[in-house]
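Below: the structure, in structure tokens.
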Amino acid sequence: MSDTPGKQQNTAAFYGQAVASFSIAMGATAIGIFKLDADVWVRSFLGIAVLYLVTSAFTLAKVIRDRQEAATPSYSPFEKQL
């Protein structure tokens with residue numbers, strides 16, 4: 001068995017499941033807010049809050065990924081070591 005470190009790739013099925021799950025969750029939330037028996041400004045506020053939450057979640061995931069990638073040294077056997 002090879003223990004060579006490499007960049008792990010996600011499968012197409014995992015990627016598709018993640019996109020589908022995100023799409024269903026956003027769609028269900030949008031429908032729930034739209035059907036809510038409340039004033040327009042309340043629904044608008046909830047819609048903006050959901051969009052802010054989504055963008056914050058993406059930013060947090062990127063920051064965590066970048067920190068993990070920076071912590072693991074990337075070594076290529078063809079690079080000159082200093």
Side-chain angles (χ1 to χ4, degrees):
M1 199 169 358
S2 175
D3 289 330
T4 58
K7 188 167 180 150
Q8 184 179 0
Q9 294 291 326
N10 293 327
T11 64
F14 180 76
Y15 179 78
Q17 185 270 333
V19 170
S21 176
F22 177 77
S23 300
I24 291 170
M26 282 297 292
T29 303
I31 291 170
I33 290 173
F34 181 73
K35 296 279 188 176
L36 186 65
D37 187 26
D39 291 337
V40 173
W41 73 268
V42 173
R43 291 193 310 253
S44 299
F45 176 79
L46 291 174
I48 294 295
V50 167
L51 292 177
Y52 181 61
L53 179 63
V54 169
T55 58
S56 297
F58 277 115
T59 303
L60 177 62
K62 182 186 179 307
V63 168
I64 291 171
R65 182 203 63 200
D66 291 346
R67 182 176 283 185
Q68 287 177 341
E69 286 179 355
T72 58
S74 61
Y75 170 73
S76 173
F78 302 109
E79 291 179 359
K80 183 178 178 181
Q81 295 296 312
L82 300 175

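Counting begins at 1 with the first residue of the sequence. Fair warning: this is a prediction, and the values are worked out from it, not measured in the lab.
Side chain of Thr59 to main chain of Thr55: a donor-acceptor pair is present (N/O by atom type, distance under 3.5 Å, no hydrogens or angles).
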Any chance you could lay out the side chain to side chain contact (heavy atoms under 4.5 Å, CB included) test for Met26 and Leu51, step after step, and finish with the verdict? CA-CA 9 Å; Met26 282 297 292; Leu51 292 177; 4.3 Å; yes

Quick one, Thr29 with Ile33, criterion side chain to side chain contact (heavy atoms under 4.5 Å, CB included). Give me CA distance, side-chain angles, the key distance, then yes/no. CA-CA 6 Å; Thr29 303; Ile33 290 173; 4.0 Å; yes

Please determine whether side chain to side chain contact (heavy atoms under 4.5 Å, CB included) holds for the pair Asp39 and Arg43, giving the CA-CA distance in whole Å, both sets of side-chain angles, and the decisive distance to 0.1 Å. CA-CA 7 Å; Asp39 291 337; Arg43 291 193 310 253; over 6 Å; no

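Summarising the local packing, CZ of Arg65 is surrounded by more than 12 heavy atoms from other residues, nucleotides or ligands at distances under 6.0 Å.
Salt-bridge annotation for Asp66 and Lys62: present, with a side-chain N of the basic residue lying under 4.0 Å from a carboxylate O of the acidic one.
With a 4.5 Å cut-off on side-chain heavy atoms, Gln17 and Asn10 do not count as touching.
Put simply, Val54 and Leu46 are part of the same group of oily side chains (I, L, V, M, F, W, Y) that touch within less than 4.5 Å, one to the next. Put simply, Leu36 and Trp41 are part of the same group of oily side chains (I, L, V, M, F, W, Y) that touch within less than 4.5 Å, one to the next.
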